[in-house]
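Letters go in sequence order (proteins before strands), and every chain restarts at 1.
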Number of protein chains: 2
Amino acid sequence: EDVIIRGVTSSADEVKMVVEGVPDVPGMAARIFGDLAKRNVKIDMIIQAMKREAVNDIAFCVAREDAEAAREVLESTARDIGAQGVHVEDNVAKVSVIGAGISQDVSVTAAVFSALAEAGINIDMISTSGIRISCIISRDRVEDAVRALHRRFCE
Amino acid sequence: EDVIIRGVTSSADEVKMVVEGVPDVPGMAARIFGDLAKRNVKIDMIIQAMKREAVNDIAFCVAREDAEAAREVLESTARDIGAQGVHVEDNVAKVSVIGAGISQDVSVTAAVFSALAEAGINIDMISTSGIRISCIISRDRVEDAVRALHRRFCE
Ligand SMILES: C[C@@H](O)[C@H](N)C(=O)O
Ligand SMILES: C[C@@H](O)[C@H](N)C(=O)O
């Protein structure tokens, strides 16, 4: 059936955080997010892809006002669990295209990525699920990205 | 506000595919999913985390009946775009916990991961967004995972 696009959203208030080289054994993700929960850090868009040589990167976004507290927690947790380090990137933005069933429709998914590609925008992280396709891009391209996605899907 | 857990779902019909070492330049994701769209491959849960030395892994799940067609497409596309290779894993399952606002609640997120950790289940991939937290785990642990998550959230 046809996917009905509900809209395009963006948020430039995100800071990207990555715990690099997390040992790929049970309990590590629980420990990282358990420690963040103790400091009441608001998180969004957790991404863990494929492991490489028995370690894995766990990436996610935090609200800018929580970034400092999150960095402190993560640096101490990363040491405790033997991860390789913590990487923080502040100049990112998230753009999402929303629509029921969108993430299972491969031609709509390809169209989202090609709208960004034609605008010369590099995709830094990707997360899709159910009703949304989200991309992390460089913050200075967020207006161009929203315009490109609007033109492709909402006009 | 409190997150209301709507339920726990699982699917063992997934095959995990990863295009490894994709050059981190605009247009690569558009090319990969454009080629899959030509073969009408049904996809789910696309994940791209942090790049390492100018390349990135793009992971996703396909329905088992599409896995062979998807592998053929990806091996040819990976060669064309100069990616390092294609990795296919058949013995995986997806478990998800569903609830409005769940992915922004860090203590619920930590509880999902710790329920799996206490059952000794390793988390292979993670994707969270809006109403769901999804984990890819080994297929032979899917009953244990669903039982552990039900016990933690639905009883
Ligand atoms: C890397 C991390 O996710 C680990 N596999 C865990 O289960 O916690
Ligand atoms: C790796 C891939 O996502 C690339 N950065 C792109 O924009 O297509």
Side-chain angles (χ1 to χ4, degrees), chain A residues 16 18 20 24-37 40-52 56-60 87 96 103-135, chain B residues 16 18 20 24-37 40-52 56-60 87 89 96 103-107 109-135:
Chain A
K16 173 177 144 186
V18 185
E20 300 174 283
D24 191 41
V25 295
M28 296 298 105
R31 170 68 193 268
I32 291 167
F33 292 95
D35 288 355
L36 289 168
N40 240 337
V41 169
K42 287 185 294 302
I43 56 154
D44 192 20
M45 198 169 156
I46 303 171
I47 296 175
Q48 175 188 312
M50 202 175 83
K51 70 173 177 290
R52 297 280 199 147
N56 218 323
D57 296 338
I58 300 181
F60 53 95
H87 173 87
S96 302
S103 81
Q104 276 94 6
D105 187 321
V106 65
S107 45
V108 170
T109 301
V112 169
F113 298 149
S114 77
L116 296 174
E118 282 159 25
I121 296 170
N122 193 45
I123 303 169
D124 191 40
M125 300 206 298
I126 301 171
S127 172
T128 73
S129 141
I131 59 172
R132 86 181 49 210
I133 296 173
S134 294
C135 295
Chain B
K16 175 177 141 188
V18 185
E20 300 173 284
D24 191 36
V25 295
M28 296 297 104
R31 171 68 192 270
I32 291 168
F33 291 95
D35 288 356
L36 288 169
N40 237 343
V41 170
K42 286 182 298 301
I43 57 157
D44 192 16
M45 197 168 156
I46 302 172
I47 296 174
Q48 175 187 310
M50 204 174 88
K51 68 173 178 291
R52 297 278 200 151
N56 216 323
D57 296 339
I58 300 181
F60 53 94
H87 173 85
E89 245 175 79
S96 302
S103 80
Q104 275 94 10
D105 187 323
V106 64
S107 43
T109 302
V112 169
F113 298 148
S114 76
L116 295 174
E118 282 159 23
I121 296 169
N122 192 48
I123 303 169
D124 190 42
M125 298 204 304
I126 301 171
S127 172
T128 74
S129 142
I131 59 171
R132 86 180 53 208
I133 297 172
S134 294
C135 296

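- Contact count versus chain A (heavy atoms, under 4.5 Å) is highest, among B:S96, B:A29, B:S134, for B:A29.
- The greatest number of non-hydrogen atom pairs below 4.5 Å with chain B, out of A:I47, A:D35, A:I46, is found for A:I46.
- Between chain A and the residues B:G130, B:A49, B:G27, B:A115, the most heavy-atom pairs under 4.5 angstrom are made by B:A49.
- Along residues 121-128 of chain B, the residues that come nearer than 4.5 angstrom to chain A, judged on non-hydrogen atoms, are B:I121, B:N122, B:I123, B:D124, B:M125, B:I126, B:S127, B:T128 in order of number.
- A:I43 contributes atom CD1, which lies 9.0 Å from atom OG of B:S107 (distance to the nearest 0.5 angstrom).
- Interface check for chain A: of the options B:A59, B:A111, B:A119, B:G120, the most heavy-atom pairs under 4.5 Å are formed by B:G120.
- The two atoms that bring B:A30 and A:A117 nearest to each other are CB-CB, 4.2 Å, heavy atoms only.
- Among A:K16, A:H87, A:K51, the residue making the largest number of heavy-atom pairs under 4.5 Å with chain B is A:H87.
- If you take OG on A:S129 and CD1 on B:I133, they are separated by 10.5 Å, rounding to the nearest 0.5 Å.
- With a threshold of 4.5 angstrom between heavy atoms, B:V18 approaches chain A through side-chain atoms but not through N, CA, C or O.
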**Request:** Given salt bridge (charged side-chain N to carboxylate O under 4.0 Å, His left out), test B:R52 with A:D57 step by step and report yes or no.
**Result:** CA-CA 10 Å; B:R52 297 278 200 151; A:D57 296 338; 2.8 Å; yes

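- A:A110 and B:G34 make their closest contact through CB-N, 3.5 Å (heavy atoms, listed as atom of the first residue, atom of the second, distance).
- Interatomic distance, A:D44 CG to B:D105 CG, rounded to the nearest 0.5 Å: 12.0 Å.
- In this structure, CD on B:Q104 lies 10.5 Å from NZ on A:K42, to the nearest 0.5 angstrom.
- Expressed to the nearest 0.5 Å, how far OG of A:S114 lies from CZ of B:R31 amounts to 13.0 Å.
- Closest heavy-atom contact between B:F33 and A:V106: O-CG2, 3.8 Å.
- Both the backbone and the side chain of A:D24 come within less than 4.5 Å of a heavy atom of chain B.
- When heavy atoms are compared at a cutoff of 4.5 Å, B:E89 does not approach chain A at all.
- The residue among A:R132, A:M28, A:E20 with the most heavy atom pairs within less than 4.5 Å of chain B is A:E20.
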